[in-house]
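Below you'll find the structure, written out as structure tokens, and then a few comments.
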Amino acid sequence: MKKGLPILIATVIGVYMVLQYETTKQTWLGGQLATVYQWFNDWYTITWAMVILVAMGNLLRVHLQKVRRLSPGWAYSILTLTGLVFYSALAFFPRISIGEPGDWIFTYIYFPLDSTMFSLLAFFMASAAYRAFRVRNVEASLMLATAILIMLGRVPIGSYISAHLPDLTTWILSVPAMAAKRGIMFGVALGIIATSMKIILGIEKPYLGGTSRS
């Protein structure tokens, strides 16, 4: 019963989710399934709110311990706690007439920091690509050449090298890369279907902490 009930619940809910997507809402059965689906969504929202509260409590516990013990990086913990308390407090007050403190922080602090971080990531990605695409065989040579074309076609200097380079980059991303991406997405979809069927049939039981059978 300890393991049978969770498996039964997972099976019933899994079958229900499949049925409610495949049933027309205009029919009586479809309307009933849609009503139950909305009820599930309401409970999902409530559960999600409880998860956020638990996550906030864990965040407070971890960073307060760092500050109390003066662990390495405790100053960043103070900034994290300050941001958490500040934004949580804003939710309990009406809109402030002289500007929006939250919007001001996002516009003048968060967005510049975000842009700076991703600017540094561009150099990191270039160095990682150089290490990963070392010419060892024909496939690696094709990957290296394609990566160079994509990087040059996405920066202003590419149009100065050749007026056709940006168009070539767009074609590579729209045709060969998109075909490979769709193939990967098909594989992911088939994997999701197989995993869902194993959960519905009680073969895969990750929510019970057990191991799955092949």
Side-chain angles (χ1 to χ4, degrees), residues 44-45 48-135 140-185 187-189 192:
Y44 171 79
T45 304
W48 182 248
M50 295 172 62
V51 169
I52 291 177
L53 289 176
V54 173
M56 289 177 62
N58 184 64
L59 186 72
L60 285 170
R61 181 182 61 83
V62 171
H63 287 282
L64 285 174
Q65 286 181 355
K66 279 190 175 182
V67 174
R68 188 172 64 252
R69 298 172 182 173
L70 296 180
S71 302
W74 61 270
Y76 298 110
S77 296
I78 292 179
L79 291 176
T80 302
L81 293 173
T82 302
L84 176 64
V85 172
F86 176 76
Y87 274 98
S88 300
L90 284 180
F92 294 97
F93 291 95
R95 291 183 176 272
I96 301 175
S97 58
I98 308 176
E100 291 280 351
D103 293 341
W104 186 90
I105 291 175
F106 263 86
T107 303
Y108 297 103
I109 297 179
Y110 176 79
F111 288 147
L113 290 175
D114 187 64
S115 301
T116 303
M117 183 188 70
F118 279 100
S119 299
L120 295 175
L121 281 178
F123 294 99
F124 173 77
M125 291 172 63
S127 64
Y130 171 76
R131 294 193 300 270
F133 299 150
R134 290 181 181 176
V135 179
S141 302
L142 289 174
M143 291 182 64
L144 179 61
T146 305
I148 292 173
L149 286 174
I150 295 296
M151 286 190 290
L152 288 177
R154 288 297 171 179
V155 295
I157 195 175
S159 59
Y160 290 104
I161 296 174
S162 173
H164 302 288
L165 192 56
D167 296 332
L168 177 60
T169 300
T170 303
W171 180 83
I172 292 173
L173 293 175
S174 302
V175 182
M178 184 59 67
K181 180 180 178 181
R182 287 175 177 172
I184 293 172
M185 294 304 296
V188 171
I192 292 173

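A quick note: this is a predicted structure, and the numbers were derived from the prediction, not measured.
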Contacts of type side-chain contact (heavy atoms from CB on, under 4.5 Å), residue D114, not counting sequence neighbours | Y110, M117, F118

Partners meeting side-chain contact (heavy atoms from CB on, under 4.5 Å) with Y108 (sequence neighbours left out) = W104

Can you run down the side chain to side chain donor-acceptor pair (under 3.5 Å) pairs that involve residues 148-163, sequence neighbours left out, and say none if there aren't any?
-> none

Can you find a heavy atom in the side chain of L84 that is under 4.5 Å from one in the side chain of T80?
-> no

What distance do L152 atom CG and I161 atom CD1 have between them, rounded to the nearest 0.5 Å?
-> 5.0 Å

Residues which pass side-chain contact (heavy atoms from CB on, under 4.5 Å) with V54, listed by chain and number, not counting sequence neighbours | none

Pairs under 3.5 angstrom only: tabulate donor-acceptor contacts from the side chains of residues 143-151 to other protein residues two or more places apart or in another chain.
| residue | atom | partner | partner atom | Å |
| --- | --- | --- | --- | --- |
| T146 | OG1 | L142 | O | 2.8 |

Decide yes or no on side chain to side chain contact (heavy atoms under 4.5 Å, CB included) for W171 and D167, but give the supporting numbers first.
-> CA-CA 6 Å; W171 180 83; D167 296 332; over 6 Å; no

Whether over 12 other heavy atoms sit under 6.0 Å from L53 CG | yes

Show which side-chain atoms of residues 59-77 pair as donor or acceptor with protein atoms under 3.5 Å away, not counting sequence neighbours.
| residue | atom | partner | partner atom | Å |
| --- | --- | --- | --- | --- |
| R61 | NH2 | N58 | OD1 | 2.7 |
| H63 | ND1 | S77 | OG | 3.0 |

